[in-house]
Protein chains: 4
Amino acid sequence: MGRRLTPRGEQRRGELLAYATERFATNGYHPTSVAELVDGLGVGKGVFYWYFESKEDLFLEILRAGERELRRVQLDAMGDETDPVARMELAIRASMEWWATHRELYVLIEFARTEASFASGVRKGERVALEDTRRLVQEAMDSGAIADGNATVVAQAVLGVSSVLARTQVLGRGRPPSEVADEVIDFCWHGLLGRDAGQTRRTA
Amino acid sequence: MGRRLTPRGEQRRGELLAYATERFATNGYHPTSVAELVDGLGVGKGVFYWYFESKEDLFLEILRAGERELRRVQLDAMGDETDPVARMELAIRASMEWWATHRELYVLIEFARTEASFASGVRKGERVALEDTRRLVQEAMDSGAIADGNATVVAQAVLGVSSVLARTQVLGRGRPPSEVADEVIDFCWHGLLGRDAGQTRRTA
Amino acid sequence: MGRRLTPRGEQRRGELLAYATERFATNGYHPTSVAELVDGLGVGKGVFYWYFESKEDLFLEILRAGERELRRVQLDAMGDETDPVARMELAIRASMEWWATHRELYVLIEFARTEASFASGVRKGERVALEDTRRLVQEAMDSGAIADGNATVVAQAVLGVSSVLARTQVLGRGRPPSEVADEVIDFCWHGLLGRDAGQTRRTA
Amino acid sequence: MGRRLTPRGEQRRGELLAYATERFATNGYHPTSVAELVDGLGVGKGVFYWYFESKEDLFLEILRAGERELRRVQLDAMGDETDPVARMELAIRASMEWWATHRELYVLIEFARTEASFASGVRKGERVALEDTRRLVQEAMDSGAIADGNATVVAQAVLGVSSVLARTQVLGRGRPPSEVADEVIDFCWHGLLGRDAGQTRRTA
DNA sequence: CATGAATGAGCGTTCATTCAT
DNA sequence: CATGAATGAACGCTCATTCAT
């Protein structure tokens, strides 16, 4: 589309995006019809197609906007910190806060991975995140801060722990993101057998 | 249903389950129609509704059978080993092998979590797996084998690392499950900062 | 589709073809909806898509079947007659009879010429008819039976006279096709200024 | 409507008519949306409904203007010539020139004949043209210039030859209208068997 | 057991038209 | 005069499900 929108139009578009995000996350992408979306906002069907090319296009917009925002939040959080381990920690904490306020995105991304037409887009976003993390892990390994190993695998593991605890603890149980971030970092830094597990520095 | 089936019927049912699993995993649950399934097997529509009450029923059967099988494989692997840490390791290795031969199930479970009508079933299965793991972690903490902490969170983290590396390394990159299992255990046992990271016993 | 049809299926398909032909001819292709077609036959929407891939496909089937049949009728009429002028006359008479019993096709072909997605198909059919006629004209010129000239243009003119009188006299005024065929032949053979206009042999 | 328009308004209206004529002829009446028309001219939707009551109204305007213009061109061409055969020839030549510069109208008229809501208007215009021609033919027959016969049928045949050769030779092959007019007249005056076919007077 | 024709609610999408600005 | 957001009926089409054979 790329239509230029008036402020009022911009707001309408935002309403559609927000409402669709909530419905897709709650009810699923396929079971949520365009009719349900416009009825929920009390507008005509045409409005939807004034702002989006298709239902699929809307979904991709949601996905892309989410990925963009999360990445921005992480970069902002890391600021000009230079130590790779500290950078990772800052990114993890920022991500956790972000998920707490964007719970719907989580399930949308999971769904997107399961359907051919969306999967490639998601994977591209994940490759970026993985590469960001891998680079930090590699730097830390090179500097001797952490033990040598397969940086990609380690990065993936860290992202996995963050992701699963965000889902189950923050989104599922509603626990405070800073607390869960502590647990992610504790687990990732020391593992199960680490001597001083539980005695890591607290940040937030 | 719960119909009594002839051996031939049992085989037909199995063919439908297998083909549907593959199509759902490749193409998505919703985009795959019942017509596509029966056409793919060269049978009439009636066959489908003879063996399954509905498309949804078929999907739940696939899910349930998968969870049942994975759990059985894990229990078998742990055998009569009594050390909780060793039991976890055996379960992780067994799971990794199983995922390598049941790659379709992974995406199906991810999808199921995203839709209201399936999510509750999946979560029930996951609660069982989590509780199994949590119990082992708690035992290990009680015996002093691993540092104290929130057993549920730690169990979730271990499952998360297993899951994400199964997906990305075994299913995504096709690496040998035993090798990836080593990496899961290494990371979970020692974390990033563990002194002897990378020097753990190799098994397979 | 190319589905194998039972006799009952074949009949249903025929009903759809016939009813659609009538509706398209009377009301126009676009103004006639698939819903109108199935409602008119008292069947469900799905029936339509069981027999045809799309509304466009149905229309093309009607067109192709008509062209095929007309061509066959012309070839049959010419039989083993060898004189080119006599062959043309036989073909004209046969065509006129055919149009009298297939009036709907006329307007459908005219419509098809006006829309990009159908025009190429129609033009292909018309090229065949033109080439058939042109060949006969050329033969007649070569044998000295008719005056030399541009055979393509002459063939086109003969087809044009046949076509316009079929439309206005046979379809429009309901006059007997054999009588109109006489007039076509009279005009084409002698023109306005031909001395003996109106004194040609009568056939039917 | 029948609104009084400013010179600027008159130009806008003309632009809409010209662009719509081109799009309808190229793409078809139904497949061409009002949105496409206004987008193509870079104006808003309101402009369209300021100048035309509806899409159908616009189409009828195009048709009526075309018929009006063609009739005027023919009358002008015939001037004060009194011989009916000469008048017909002049009208045919003028028509051919006009079609060459108004090719879009041809397909629009063909389309209009195929849809109930437009057909009656077209037929009215054609009745006028036929009656004009029939009168000339009748006069020629009465004066003995051409052989007796059904004047209506002969007139229709002449119009049919003009029409089909305009379409195929002038519009389709891009041949010069004056040359094609020669062929129309040659064929209509002498037919296939006329002794002196091809030796008619040349005009242009 | 099995077929495949049939159903019809519901889908995503279009588009002629209106009207507040 | 002109814009473009909004409407909503209608469209072509899909598909889970049923059932006569």
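Just so we're on the same page: letters track the sequence lines, and every chain starts at 1. None of these values were measured; they are calculated from a predicted model.
- Ion pairing of A/R12 with A/E15 is present here, as a side-chain N (NZ or NE/NH1/NH2) and a carboxylate O approach within less than 4.0 Å.
- In this structure, B/L58 and B/V34 have side chains that are not in contact, with every pair of non-hydrogen atoms separated by 4.5 Å or more.
- When each of C/V43 and B/V43 is assigned the nucleotide of DNA chain E with its nearest heavy atom, B/V43 is the one assigned upstream, toward the 5' end.
- Between E/dC1 and B/R12, no contact under 4.0 Å exists linking OP1 or OP2 to a side-chain N or O.
- Under the 30°/60° scheme for interplanar angles, the aromatic rings of C/Y29 and C/F59 are found to be tilted.
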Under a 4.0 Å heavy-atom criterion, the protein footprint on nucleotides 13-21 of chain E, written with B, S and -, is BBBSBB---
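- Among the heavy atoms of the strands, none lies under 4.0 Å from A/F52.
- In this pair, A/H30 and B/H30 present their aromatic rings tilted. The plane angle is within the 30 to 60° band.
- Between A/R8 and F/dG4 there is no side-chain polar atom (N or O) within less than 4.0 angstrom of OP1 or OP2.
- Stretches of at least 3 consecutive Watson-Crick or G-U wobble pairs, with each checked distance under 3.5 Å, appear in DNA chain F as E:2-21 with F:2-21.
- In plain terms, the two heavy atoms of A/P31 and A/E36 that are nearest each other are O-OE1, 4.0 Å.
- Counting all heavy atoms, side chain and backbone alike, B/F111 lies closest to A/T114 at N-CG2, 3.5 Å.
- Counting to the nearest Å, the C1' atom of F/dC13 and the OH atom of C/Y51 are 18 Å from each other.
- Of the residues in residues 110-120 of chain B, none lies under 4.0 Å from DNA chain F by heavy-atom distance.
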